[in-house]
Engineer: 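Shown below is the structure under consideration.
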Amino acid sequence: VAVLQEVKSAVGAAALVLLLLGLSAACGPGPAAPAESPGVSLERTAEAVRTRGLDGEGAAEILGELCAVGPRLTGSPGAAQGVEWSRRWLESRGFEAWLEPIMVQHWVRGGAEAALLPSAAAAPVPLAVAALGWSVPTPDDGLTAKVLEVASFAELESAGPAARGRIVFFNVPMDRTLMDTFRAYGEAVQYRTRGASAAARLGAVAALVRSPTGRLDDHPHTGILAYEDGPPRIPAAAVSTLAAEALSARLREDPDVRVRLRLSCATLADVPSANVVGQIRGAEKPGEIVLMGAHLDSWDLSPGAHDDGAGCAQCLEALRLIRDAGVTPKRTIRAVLFMNEEFGASGGRNYAVSPRRSGERHIAAMESDRGAGVPLGFNIGGEATFERIKSFAEPLLRPSGILWVRPGGGGADVGPLAAGGTVLMSFMPDVQRYFDYHHSALDVPAAVHPRELELGAIVMAVMALALAEKGI
Ligand SMILES: [Zn+2]
């Protein structure tokens, strides 16, 4: 009866009817069938998870609390508060939880300002800029130089000596015609990562990079750069798309226009931080683990609601939904909130090789780091196991809106687990809007839709439950 009441309250009359049908079949004449096949049980649990999830805004509540901590830039006090908040969230709800300490880099933004200085006696025009992660500062009173605008690395190379003494301005828009916004981002972001060193090799004094977003707005989108060994390290900043348009228009009128840039960023000493781990221990095979991962650090211009507060909220909410469905998984289901994805993914690398992994076997690890859009599918690695996982996962996930399960999978944080044979997966939401917010001041909870976020938590919970039940 207790079971019946629980099921009734959890998933309502439909599931009760299903269960009664199952029971009557088991009690009826004919060869004895198992009272409940694992498949039927998984379906009912998936329905319970979905019903409970959709009935509230649990993931959005979690996201709101996490974002209230503020930005969580790796190494910052905000990141430390994020770690503490996550640990407390897990412990206060009765989950087994612990921290896995790591050392992380600590870059600080300081101030940033830029202005376009017309050659005539007109007033300077401010340009919205944000230093790129790892950038060195300008001199204290800034630097002023003429600007060389380029639309590609090839154009920079052919300009050659013309780059000397200039601020090189990489004005390369994201390709709006591509359906896959991540592909468009991947093509545009190389100027952010490699532009500074490419410009410095030709004697440039600084680099400005058009923000990789498809929108025209006045918010710079930051992110890390990668200095190469060899060329001098020159200051580099993202410029908003509107400022990029204005600067480009001005340069067409007057190629001698100058820009003044002042950045006071700095790289400080490494500081201690941690990955946060919480789990529901498996009843039959506790050493076999299904991991749900996201990254706890964010950029510092916003609390990182989509990137990757959403993934963190989904991992925590998924644990809650699984526990509240009243099932104990066969294998352990673990949420890991990784530190320091944005400055080099050292949290993921440390997790994979930690001595704490001895005696553990991670059968599958899924990552949510593509924002809080409507769930579309899962990308799944592991050729040998793909078809089997697809065969049980797709039917279970379809009622929660998942359209496909495809080959692929992985992510910066779970990637290092591949060396141990773990099947890697990516949660794939709709990403048409993701780069509107990504790494900018616009990435706030108001940009996340509670129901869309919740659906992500639901499908991750169902996928984790299925993997924990069926194995790989
Ligand atoms: Zn991210």
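Computed over heavy atoms, backbone and side chain alike; hydrogens, waters and symmetry mates excluded. One-based numbering along the sequence shown. Indexing begins at 1, ligand by ligand and atom by atom, following the structure's order.
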Engineer: Could you give me the CA-CA distance, side-chain angles and deciding distance for N340 and T74, then say whether side chain to side chain donor-acceptor pair (under 3.5 Å) is met?
Structural biologist: CA-CA 5 Å; N340 191 28; T74 294; 3.1 Å; yes
Engineer: Would one find more than 12 heavy atoms of other residues, nucleotides or ligands at under 6.0 Å from atom NZ of K390?
Structural biologist: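 More than 12 within 6.0 Å, yes.
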Engineer: Is E342 close enough that one of its N/O/S atoms sits under 2.8 Å from the Zn ion (ligand 1)?
Structural biologist: no
Engineer: Name of the H295 N, O or S atom nearest the Zn ion (ligand 1)?
Structural biologist: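 Among the N, O or S atoms of H295, the one closest to the Zn ion (ligand 1) is NE2.
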Engineer: Using a distance threshold of 2.8 Å, state whether an N, O or S atom of E341 lies below it from the Zn ion (ligand 1).
Structural biologist: no
Engineer: Among the N/O/S atoms of D307, which is closest to the Zn ion (ligand 1)? Give the atom name.
Structural biologist: OD1
Engineer: Looking at Y434, does the NZ or CZ of R370 lie under 6.0 angstrom from its six-membered ring centre and within 45 degrees of the ring axis?
Structural biologist: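 Judged by the rule (NZ or CZ under 6.0 Å from the ring centre, within 45° of its axis), R370 is not positioned above Y434.
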Engineer: Check E245 with R210, please: is the shortest side-chain N to carboxylate O separation under 4.0 Å?
Structural biologist: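 Judged by the 4.0 Å cut-off on N to carboxylate O distance, R210 and E245 do form a salt bridge.
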Engineer: Is the ring pair H438/F435 parallel, tilted or perpendicular, if the boundaries are 30 and 60 degrees?
Structural biologist: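 Perpendicular, since the angle between the ring planes exceeds 60°.
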Engineer: State the atom name: nearest N, O or S atom of D369 to the Zn ion (ligand 1).
Structural biologist: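 Closest N, O or S atom of D369 to the Zn ion (ligand 1): OD1.
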